[in-house]
Amino acid sequence: MARPLETIIELQDALERLHAAERQLEGIPDWMRELHAEYRERKGEIEALEQQAEEAAAERRTAEVEISDTQEKLKRYQRQINEVSTQREYGALLQEIDTAKSRIAELEEQAYACMERIDRANSSLEEQRGAFRELDERHQAELAKWEEEKPGIAEEAEKLRGRVDVLREHLPRPQLAYFERIFERTGGEALAPIRKIERSRGATMWHCGACNYNVRPQVVVDVQDRGALLQCDSCKRILYVETESAEETSDEPAAATGA
Ligand SMILES: [Zn+2]
């Protein structure tokens, strides 16, 4: 039967892979993150241009309603001009007519400026939509590919969930509670490998692979020989000794930086 430490190492690994799979299923996979960000940005730009065009169109409509109202008023004043009897009334009416005419000219200028804005937005839109089409197609294709991949990942997650349950059952209750407490506190990284540092005088020292704090030689012996559940004095993670293959790749740089 496996030692609790060995089961804990396997459990940590299964939980990490399970969380990675669940994170993927909830969001966008890493391999399409870049394209997705670009897609969102371009789409946002297009939406902003559409909004600019809409706002300009609404402004233009408002100006045109006021133009036709003012034109009606102007016609009324011009009819009244034949009916006035005093010089003062005549002068006042001419003043009104002038005001209405300059208001109309002002509004026409506004409406024209709006049309220019609409044209500018529309030609940018045409350009951007053309460029977006290709991006959109690639995005759709990647989304479809992601949809195809999802069931496999979901299945993998399901298997890992089963594995996690089995491993939990294998562990004696106190050791399981101990592991889970540390797993919770460390945000899902309950384990730390013991790393060896060769000193120049030939002395060997060990340190925690998570926080670099020294690990006492007796602790190394207890973990390695008895599979003792011991924590790093500093970060309180459970210490373990990496297997041969893992040690080969990680030992060299650790020795280089530690010496
Ligand atoms: Zn540590």
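Each ligand, and each atom within it, is numbered from 1 in the order the structure gives.
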Worked check of salt bridge (charged side-chain N to carboxylate O under 4.0 Å, His left out) between E72 and K75: CA-CA 5 Å; E72 284 305 308; K75 277 185 212 156; 3.4 Å; yes
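Looking only at atom types and distance, the side chain of Q218 has a donor-acceptor partner in the side chain of D222 under 3.5 Å away.
Just one of L135, L143, I28 meets the side-chain contact (heavy atoms from CB on, under 4.5 Å) condition when paired with L35; it is L135. Considering T186, V223, L230, I182 as possible partners of I238, the one that fulfils the side-chain contact (heavy atoms from CB on, under 4.5 Å) test is I182. Of the residues listed (T7, L229, L5), the one engaging Q175 in a side-chain contact (heavy atoms from CB on, under 4.5 Å) is L229, and it is the only one.
For the Zn ion (ligand 1), protein N, O or S atoms closer than 2.8 Å were enumerated as C208 SG, C211 SG, C232 SG, C235 SG, with waters left out.
Each ring-ring contact (aromatic ring centres under 6.0 Å, His included) pair with one or both residues in residues 95-150, not counting sequence neighbours, appears once here: H36-H139, Y39-F132, Y39-H139.
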